[in-house]
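A short write-up of the structure that comes next.
Proteins come first, then strands; the chains are lettered A, B, ... in the order of their sequence lines, and each starts at number 1.
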There are 2 protein chains.
Amino acid sequence: MNTQELNKVNLNPHVSVDCVILGYDSNELKVLLIERKYSEENENGQAHNPKLDIALPGNLVRDDEDLDTSAKRILKELTGIDNIYMEQFRAFGNPNRVRKEQDAEWLKTMRTDPQARVITIAYFALVKLEDYVPRADSFARRSEWYPIKKVPKLAFDHNEILEQALQVLKFKVTHYPLGFELLPEKFSLGQLQRLYESILGDDLDKRNFRRKMKSLKLLIPLKEKQQGVAHKPAELYMFNMKVYEQLQGGILK
Amino acid sequence: MNTQELNKVNLNPHVSVDCVILGYDSNELKVLLIERKYSEENENGQAHNPKLDIALPGNLVRDDEDLDTSAKRILKELTGIDNIYMEQFRAFGNPNRVRKEQDAEWLKTMRTDPQARVITIAYFALVKLEDYVPRADSFARRSEWYPIKKVPKLAFDHNEILEQALQVLKFKVTHYPLGFELLPEKFSLGQLQRLYESILGDDLDKRNFRRKMKSLKLLIPLKEKQQGVAHKPAELYMFNMKVYEQLQGGILK
DNA sequence: CAACTTAGTGTTATTTTGACACTAACTAGG
DNA sequence: CCTAGTTAGTGTCAAAATAACACTAAGTTG
């Protein structure tokens, strides 16, 4: 490959971060999605036919920020949440992954070359829904929690990104006790089990699950019970942060 | 954040792919590294003080290619190897990860904005050293295998990238039977065990290792023995591709 | 107080793991 | 040709982890 060829083929791409922000509520796993307005363009470059679609929250990475920082900023702008479990899991870079007509307006806003492709670094985040305060992002776009099973068709390749995030989560949750990140501070073993079941998409044996969880020594039993439920109230537990931190690097051998 | 702010902060970055290409030979894990020439620049932008350093093979992603395609192209250009196990494992995007003085010449070759930062998508690849035919890359840079334990200081953040690749490999090899990708077609259980030991950096019990491997049903015993070794010759095995493919998605439950 | 709902608990059989030591087969060198 | 050196190959037992399985307890509602 010589320099001429390079001139042809290398237009710097845009780089964005997209976040798969997962929460858990009413025994359902949910994902935070935003509405995105865009207009198609006619051949004169004029906008027409305004449309709305739904997407994962994301934005361009700023020049002066680290990828992780960028992901945290975007999460903060959108949800106000700070300081939570977040992890980069994959870059997506199919040259056609952002359809130009769909994205023209957004790219113009950025004043960058609208011809360039967009490569995105995908992150996933786990949040406690109780902590979440809804907030429009810096472009005043509405955001909403969607149950995983009811996610509509998303912009670009965002359905695929979401799908892969869920795969990764499934894998991780069987190896690291990540489930806690999604639950309120005090929780019952039943809640924890239902969370695992909705992540793994499979039923677990109650007694085996409890034995396993207790053997990890991650649970601090509170001397407290559920209130106001129409059945036997469950004992509540807290999560033992100290033991968790010692596990960094894995439960697995 | 308004549009003016965006103008300031968003200069499109360069996006490159860096490959951690691992091979196994003489009971050692090795990584393929290239020599990189560069010149520092003085304040007038003139090159002086030509230097050489050692780096992971990598290059800019072309406009029209997928990230995976790009990684495969780079591997092919450098080694002639095609069609092997390769996997994206992480994007690195610290804004200062590519020092400008070190990289000025390379970026100029590309005719892109030398002010822009470089974000890289890192891949790792496993190759059978027996298949490898050394080859200079398109910039005629020399390449060489370095034993993992003797890797020198590398350009940019490449030591960190390598380190993380090894972590990922360590993890994967305990969950998926990837080891085979690194061995010749016919191999002995002793070779396989030594490979695992050098990846994991720990000794394994011979009898337990063999029991485990045999239980996976991935080995086809050939009715053939090692030739010309100064000790009891080992039985040779092949790897059962069919069973392996059925395991896609994991050995783990 | 009956019906309903979810919480909580223990045993057994099976599988998996980890620890451990000797004999077999070949070559090289005297 | 025999000895020394080297790696290959093999089995058992105890401990730990897993999977399958069913009943009673504690609360609320109507």
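Distances shown here put a side-chain N or O of B/R210 below 4.0 Å from the OP1 or OP2 atom of D/dG9.
One N or O donor and one acceptor, one from the side chain of A/R207 and one from the base of D/dA22, sit under 3.5 Å apart. The base of D/dA8 is paired with the side chain of B/K206 by a donor and an acceptor separated by under 3.5 Å. Interface remark: the B/R211 side chain does not form any donor-acceptor pair with the D/dG11 base, using a distance-only criterion of under 3.5 Å.
Here D/dA8 presents its C1' atom at 16 Å from CZ of B/F187, a figure rounded to the nearest Å. Distance B/F209 CZ to D/dA8 P: 12 Å, rounded to the nearest Å. Rounded to an integer number of Å, the gap from A/D202 CG to D/dA19 C1' is 13 Å. Rounded to an integer number of Å, the gap from B/N208 CG to D/dA14 P is 16 Å. What separates NZ of A/K212 from C1' of D/dA16 is a distance of 10 Å, to the nearest Å. As rounded to whole Å, 14 Å separates atom P of D/dC21 from atom CG of A/D203. If you measure from atom CG of A/L189 to atom C1' of D/dA25, you get 16 Å, rounded to the nearest angstrom. Spacing between atom CD of B/Q191 and atom C1' of D/dG9 amounts to 16 Å, rounded to whole angstrom units.
The pair B/K128-B/E181 fails the salt-bridge criterion, with no side-chain N (NZ, NE, NH1 or NH2) lying under 4.0 Å from an Asp/Glu carboxylate O.
Between the OG1 atom of A/T120 and the CZ atom of A/F156 there is a distance of 9.5 Å, given to the nearest 0.5 Å. To the nearest 0.5 Å, the span separating CG on B/L129 from CD1 on B/I81 amounts to 8.0 Å.
Side-chain atoms of B/D18 do not come within 3.5 Å of backbone N or O of B/F124 as any donor-acceptor pair.
For the ring pair (Phe, Tyr, Trp, His ring centres under 6.0 Å) test with B/F180, the passing option among B/Y85, B/Y24, B/F239 is B/F239; the others fail.
When the nearest nucleotides of DNA chain D are assigned to B/S188 and B/D205 by heavy-atom distance, the more 5′-ward of the two goes with B/S188.
Listed by residue number, the members of residues 219-236 of chain A with any heavy atom below 4.0 angstrom from DNA chain D are A/V229, A/A230, A/H231, A/K232, A/P233.
Not counting sequence neighbours, the partners of A/K172 by the salt bridge (Lys or Arg N to Asp or Glu O under 4.0 Å) test are A/E87.
Checked against a 6.0 Å centroid threshold, the rings of A/Y123 and A/F89 do not count as neighbours.
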